[in-house]
Amino acid sequence: MDAAKLGFVPDTVIQELGWDEDVDNELRAAIESVTGSELLDGDSDEVVDGVVMWWREGDGDLVDALFDSLQDLAEGGSVWLFTPKVGRDGYVNNADIAEAAPVAGLSTTTTSSASTDWSATKLSTHKR
């Protein structure tokens, strides 16, 4: 698992949203290893450099969740949206992400495989 290939860098603080039993713990550990710090949970009120959001079909309104993910995010930060891959329980159609992101004020930069079961879509904030 190479979290650096997904765009994670050392000395950054990352908040994690949407954790559940089905998340990829190896991927989480790889992110913590690259960044050098533990992932913060959603209750943290610290300003963060990035957000990891685990999202599955049926988790609610994606626009609202993406908008909420920006609450503690520093200007210029990124949101990594991890969704189950095609054929997995909770699969989210890429068209749904492409539709939700701009409404929440985010731009899709890259989509790639994050692990065996999860895809990663990196979303960036617009410069204010």
Side-chain angles (χ1 to χ4, degrees):
M1 196 99 8
D2 191 349
K5 283 187 179 175
L6 294 175
F8 293 96
V9 295
D11 301 321
T12 53
V13 178
I14 306 296
Q15 184 178 50
E16 179 181 43
L17 304 173
W19 183 93
D20 205 342
E21 298 289 326
D22 63 347
V23 303
D24 188 311
N25 287 310
E26 286 182 30
L27 178 56
R28 292 178 77 247
I31 293 167
E32 290 177 339
S33 177
V34 168
T35 61
S37 59
E38 290 186 15
L39 297 172
L40 299 179
D41 66 24
D43 295 332
S44 171
D45 57 1
E46 204 174 315
V47 173
V48 297
D49 302 302
V51 173
V52 163
M53 183 176 355
W54 303 93
W55 190 261
R56 305 140 198 94
E57 184 67 38
D59 277 354
D61 186 295
L62 182 55
V63 173
D64 289 345
L66 289 172
F67 189 74
D68 290 347
S69 75
L70 303 175
Q71 183 174 349
D72 299 322
L73 187 62
E75 185 173 337
S78 296
V79 175
W80 285 267
L81 181 64
F82 292 119
T83 56
K85 287 185 175 178
V86 175
R88 310 294 199 283
D89 282 348
Y91 166 72
V92 177
N93 190 313
N94 284 338
D96 294 341
I97 298 169
E99 187 177 300
V103 175
L106 294 163
S107 300
T108 303
T109 58
T110 58
T111 300
S112 58
S113 175
S115 69
T116 304
D117 294 322
W118 294 88
S119 292
T121 303
K122 186 176 179 184
L123 306 167
S124 23
T125 57
H126 300 292
K127 299 287 184 200
R128 297 185 238 270

Please walk me through it: do Trp54 and Arg28 pass side chain to side chain contact (heavy atoms under 4.5 Å, CB included)? CA-CA 11 Å; Trp54 303 93; Arg28 292 178 77 247; 3.7 Å; yes
Just by modelled atom types, is the Thr12 backbone N or O under 3.5 Å from a matching donor or acceptor in the Ser37 side chain? yes
Is a side-chain N or O of Ser33 found less than 3.5 angstrom from the main chain of Ala30, in a donor-acceptor match? no
More than 12 heavy atoms from other groups under 6.0 Å of CG on Asp41: yes
Heavy atoms from other residues, nucleotides or ligands near CG of Asp11 exceed 12 (cutoff 6.0 Å): no
Measure across [X] and [Y] and return the closest heavy-atom pair with its distance rounded to 0.1 Å.
X: Lys122; Y: Ser78; value: CE-OG, 3.4 Å
X: Met53; Y: Ser69; value: CE-CB, 3.8 Å
X: Trp55; Y: Ala65; value: CZ3-CB, 3.3 Å
X: Ala104; Y: Phe67; value: CB-N, 3.9 Å
X: Trp19; Y: Asn25; value: NE1-OD1, 4.3 Å
X: Val47; Y: Ala74; value: CG1-CB, 3.8 Å

Start with the C-alpha distance between Leu70 and Leu106, add both sets of side-chain angles, then the distance that settles side chain to side chain contact (heavy atoms under 4.5 Å, CB included), and finish with yes or no. CA-CA 9 Å; Leu70 303 175; Leu106 294 163; 3.7 Å; yes
Give the C-alpha distance, both sets of side-chain angles, the deciding distance and a yes or no for side chain to side chain contact (heavy atoms under 4.5 Å, CB included) between Leu39 and Glu32. CA-CA 6 Å; Leu39 297 172; Glu32 290 177 339; 3.8 Å; yes
Separation of [Y] [atom2] from [X] [atom1] (nearest 0.5 Å):
X: Glu57; Y: Thr83; atom1: CD; atom2: OG1; answer: 10.5 Å
X: Trp80; Y: Leu17; atom1: CH2; atom2: CG; answer: 13.0 Å
X: Ser113; Y: Lys85; atom1: OG; atom2: NZ; answer: 2.5 Å
X: Asp45; Y: Leu40; atom1: CG; atom2: CG; answer: 10.0 Å

Contact list for residues 86-96, test salt bridge (Lys or Arg N to Asp or Glu O under 4.0 Å), sequence neighbours left out: Arg88-Asp117
Please examine the side chains of Phe82 and Leu6, heavy atoms only from C-beta on, and report whether any two atoms are closer than 4.5 Å. yes
Side-chain touch Val52/Phe8, heavy atoms, less than 4.5 angstrom: yes
Contacts of Arg56 meeting salt bridge (charged side-chain N to carboxylate O under 4.0 Å, His left out) (sequence neighbours excluded), chain-then-number -> Asp22, Asp59
Salt bridge (charged side-chain N to carboxylate O under 4.0 Å, His left out) filter on Asp72, not counting sequence neighbours, yields none
Are [Y] and [X] co-members of a hydrophobic cluster defined by side-chain heavy atoms under 4.5 Å apart?
X: Ile14; Y: Val23; answer: yes
X: Val9; Y: Val13; answer: no
X: Val51; Y: Val63; answer: no

Please evaluate residues Leu62 and Glu99 with respect to the criterion side chain to side chain contact (heavy atoms under 4.5 Å, CB included), reporting the C-alpha separation (whole Å), side-chain torsions for both, the decisive distance (0.1 Å), and the verdict. CA-CA 10 Å; Leu62 182 55; Glu99 187 177 300; over 6 Å; no
